[in-house]
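First listed ligand is number 1; within each ligand, the first listed atom is number 1. This one's a predicted model, so the numbers in the text were calculated from it and none came from an experiment.
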Amino acid sequence: MPALTILRYPDPRLHKVAQPVAAVDDRLRELIDRMLETMYEAQGIGLAATQVDVHQRLIVIDVSEERNEPLVLVNPEIVWASPDKRLGEEGCLSVPGIYDGVERSLAVKVRALDREGREQTIEAEGILAVCIQHEMDHLQGKVFVEYLSMFKRGRIKTKMAKLQREDERYAQQG
Ligand code: GNR
Ligand code: NI
């Protein structure tokens, strides 16, 4: 199965709001597998369906060192977020090469379905809590750079446009 293409900021499709998944069936599990493959190939710790132009509430995550603990969240809802926040460095597969600080809750509790459609509740802290919040933002059409100043965002857009031009040239020439 080929990996999926990850949309790049500032693609307007990254700002679409995802709709709930209607059924956890074989077709969805196929999408889940392709998203996991895409995430591992891109060496990310998480991927939201929005990033592969599928506007459904679906997230895959793996924050393990060995890259062998996939976590699948279907129709995730944050049921609790700690009032304590922390500024941490973030990156995003849709904004390659850009890293900057974002404030996030230290801990979150999330309710979601797993790949079998069973309800699961996850209590997360550390990098998993950060990743879940980052991915939940994607489902709402929000990319982490939108937390940064307009000045920084402008610079990032310029960088992304340059990267895009370089990629197009590379694709033409081989
Ligand atoms: O791979 C990723 N690393 C990361 C690091 C710090 C905070 C969030 C992330 S998520 C990111 C993958 C991604 O873009 N998911 O949407
Ligand atoms: Ni991201």
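With atom 14 (O) of ligand 1 as the reference point, the heavy atom nearest to it among Ile61, Leu93, Val130 is part of Leu93.
Remark: Lys142 qualifies as a cation-pi partner of Tyr147 under the 6.0 Å distance and 45° angle criteria applied to the six-membered ring.
Atoms of ligand 1 lying under 4.0 Å from at least one heavy atom of Glu89, given by number and element, are 6 (C). Taking every non-hydrogen atom of Glu135 and a distance limit under 4.0 Å, the qualifying atoms of ligand 1 come out as 10 (S), 13 (C), 15 (N), 16 (O). Of all atoms in ligand 1, listed by their number and element, those nearer than 4.0 Å to a heavy atom of His138 are 16 (O). Those atoms of ligand 1 with a heavy atom of Gly44 less than 4.0 angstrom away are 1 (O). Heavy-atom proximity to Cys92, at under 4.0 Å, picks out these atoms of ligand 1: 14 (O). Per-residue contacts place Gly91 under 4.0 angstrom from the following atoms of ligand 1 (heavy atoms of the residue considered): 4 (C), 5 (C), 6 (C), 8 (C), 9 (C), 10 (S), 11 (C). Close contacts between ligand 1 and Glu90 involve ligand atoms 6 (C), 7 (C) [criterion: under 4.0 Å to a heavy atom].
Within the 4.5 Å cutoff, the side chain of Pro76 has heavy atoms near those of the Leu139 side chain. A 4.5 Å side-chain heavy-atom check between Thr38 and Leu47 finds at least one atom pair inside the cut-off. The shortest side-chain heavy-atom distance between Ile59 and Met35 does not fall under the 4.5 Å cut-off.
The NE2 atom of His138, the Ni ion (ligand 2) and the SG atom of Cys92 define an angle of 100° (nearest 10 degrees).
Side chain of Glu125 to backbone of Leu106: no donor-acceptor contact under 3.5 angstrom is found.
Side-chain contact, Asp62 with Ser64: a donor N or O sits under 3.5 Å from an acceptor N or O. Side chains of Gln19 and His55: a donor-acceptor N/O pair is absent below 3.5 angstrom, by distance only.
With a heavy-atom cut-off of 4.0 Å, His134 touches ligand 1 through its side chain alone.
For Thr158, the side-chain contact (heavy atoms from CB on, under 4.5 Å) criterion is met by no residue, not counting sequence neighbours.
Protein heavy atom at the shortest distance from atom 13 (C) of ligand 1 is Gly46 O, 3.4 Å. Atom 2 (C) of ligand 1 has as its closest protein heavy atom Ile45 CG1, 3.5 Å.
Residue Leu14 comes nearest to Tyr9 through the heavy atom pair CD1-N, 3.4 Å, listed as atom of the first residue, atom of the second, then distance.
Note on His134: its N/O/S atom closest to the Ni ion (ligand 2) is NE2.
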